[in-house]
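Input: a single structure, listed below in structure tokens.
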Amino acid sequence: MKRTLLLSLTLIAAAAWFSACNQSAKTKEMVKKELIGTHKGKDVFLLTLTNKKGNIIKLTNFGARITWIEVPDRNGNKENVTFGFDTFESMIKGDPYFGSVVGRYANRIAKGKFTLDGVEYSLALNNGPNSLHGGPGGWHSAVWNTEDGGKSKVPTAVFTLKSPDMEEGYPGNMDINVVYTWTDNNEIVIDYTCTTDKKTVLNITNHAYFNLHGAGNGDILDHQMVIKASRFVPVDSTLIPTGELRPVEGTPFDFTTPHTVGERIGENYEQLLLGKGYDHTFVLDNKEEVDATVYEPVSGRLMEVITDQPGVQFYTGNFLNGRMIGHGGKPYNHRTGLCLETGHYPDSPNHPEFPSTLLNPGETFKSQTIYRFSVK
Ligand code: GAL
């Protein structure tokens, strides 16, 4: 009797052990971490995240970037739909922010100047008369720390960074934590958490370029857009907001109902001429769960964007010129990728009438953006 009990207990223990091993093998399979080089004295890794559907995304701690999003079309054919590079060498050469986290201030600050509590701060000018995307040494170019994703049951990548006081001219030591979760529903969930020890400004985003035909497979002019925004942010000739929040109604900026990117992009409308296409922040109505959708009718791929942020910068790759050769040796030509960069409006530190981008010591900035992929 006792021996039978002992045998059963042994069998149960063995089964539990096997299942635990299997579970940890599964966990390992979900996230593969490879060392691909060193940069600025730090190791650069490529993380491959595989969800239960067998779809993969790849990320790197260089700029906390998304470099690969492989999702099926309506016939199940998988293709990478975001811009990136095949080699470490081409990745670190510099590019227009492909897939990276952008900070400390995404988009432009006029003349690189802002004032906090009577103190004027000066930033590096890297875009004509203005400062763009946190400056030349912004977070897109940093080698972030790659943290352990913990016990998460879905594949995650966690990147952290310490941005020192006065880095690129911004006050305050800032701690930044970015968690990418790749759900079984083909959603990239991005969670940002930031704290500072001095009053500062913050506008953090992800700058992924998307082409739902597959990155490098033609332009994005046939992509059908919906942006749930009744107003947008007009800009001057240096792409700095004028201060106006203009109703989209009756303009080529009305994407409250579906329109392709290309339908009105060539119209003789002042804001399209200034932006060389769409390169504007849309003021999100924030009334429904989904804030923007992109549908590409040939493949049937659909991308939905969900954010808690007040705006989204819709950029149609107007500055791409084919000089960047990406995955598979494909050139990224004019308007072959579009960005939906969630965040605050450009130059908010100089526009008190815009939602505030201030972060104080003792406060924790938390924000979430989701890119969800499906077919229809
Ligand atoms: C976008 C910005 C564009 C351009 C691009 C990078 O976020 O709106 O004007 O600077 O980044 O090339």
Side-chain angles (χ1 to χ4, degrees), residues 63-66 82-85 91 93-112 123-141 168 190 202-211 215 219-220 225 227 229 232-242 253 255 261 265 271-284 292 294 305 307 309-326 331-348 351 354 357 369 371:
R65 285 158 196 259
I66 306 172
T82 200
F83 284 14
F85 300 101
M91 190 194 288
K93 261 191 202 150
D95 61 59
Y97 310 92
F98 295 167
S100 64
V101 167
V102 175
R104 192 174 297 195
Y105 200 95
N107 213 287
R108 292 171 178 80
I109 294 191
K111 305 201 168 41
L123 313 168
L125 305 182
N126 59 341
N127 191 251
N130 304 318
S131 176
L132 175 69
H133 291 333
W139 298 346
H140 62 284
S141 64
E168 296 292 307
I190 314 177
L202 170 70
N203 187 25
I204 190 168
T205 194
N206 180 283
H207 204 306
Y209 289 67
F210 301 99
N211 182 326
D219 63 45
I220 42 85
M225 307 290 305
I227 307 177
F232 76 104
V233 182
V235 289
D236 68 13
S237 62
T238 70
L239 302 184
I240 292 293
T242 59
F253 285 70
F255 287 100
V261 174
I265 201 168
Q271 283 299 316
L272 284 171
L273 300 176
L274 289 171
K276 301 186 169 54
Y278 296 100
D279 192 357
H280 295 77
T281 297
F282 285 68
V283 177
L284 291 171
V294 188
V305 184
T307 187
Q309 290 294 284
V312 64
Q313 180 79 9
F314 176 41
Y315 169 60
T316 44
N318 312 311
F319 296 117
L320 296 169
N321 55 18
R323 267 189 240 137
M324 289 285 150
I325 309 294
Y332 294 142
N333 293 316
H334 188 229
R335 294 186 180 154
T336 56
L338 65 85
C339 303
L340 286 164
E341 304 150 54
T342 58
H344 277 253
Y345 318 159
D347 200 29
S348 298
H351 285 275
F354 288 176
T357 52
T369 289
Y371 296 102

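As the structure is a computational prediction, the values presented were derived from the model and not from experiment. Because only heavy atoms are used, hydrogens play no part in the values below, and waters and symmetry mates are left out as well, while side chains stay in. Both ligands and their constituent atoms are indexed starting at 1 by order of listing.
Under 3.5 Å, the side chains of Thr369 and Thr342 contain a donor-acceptor pair of N or O atoms.
Within 4.0 Å of ligand 1, contacts by protein heavy atoms are made from Pro96, Tyr97, Asn107, Arg108, Leu132, His133, His207, Tyr209, Leu239, Asp279, Gln313, Tyr315, Phe319, Glu341.
Gln313 places a side-chain N or O within donor-acceptor distance of the main-chain N or O of Thr281, the cut-off being under 3.5 Å. Of the possible polar contacts, one joining the Ser131 side chain to the Ala124 backbone as a donor-acceptor pair under 3.5 Å is found. Asp347 contributes a side-chain N or O that, together with a main-chain N or O of Ala110, makes up a donor-acceptor pair within less than 3.5 Å.
To the nearest 0.5 Å, the span separating CG on Asn211 from OH on Tyr332 amounts to 9.5 Å.
Between Phe314 and Phe253, the distance separating the two ring centers is not shorter than 6.0 angstrom.
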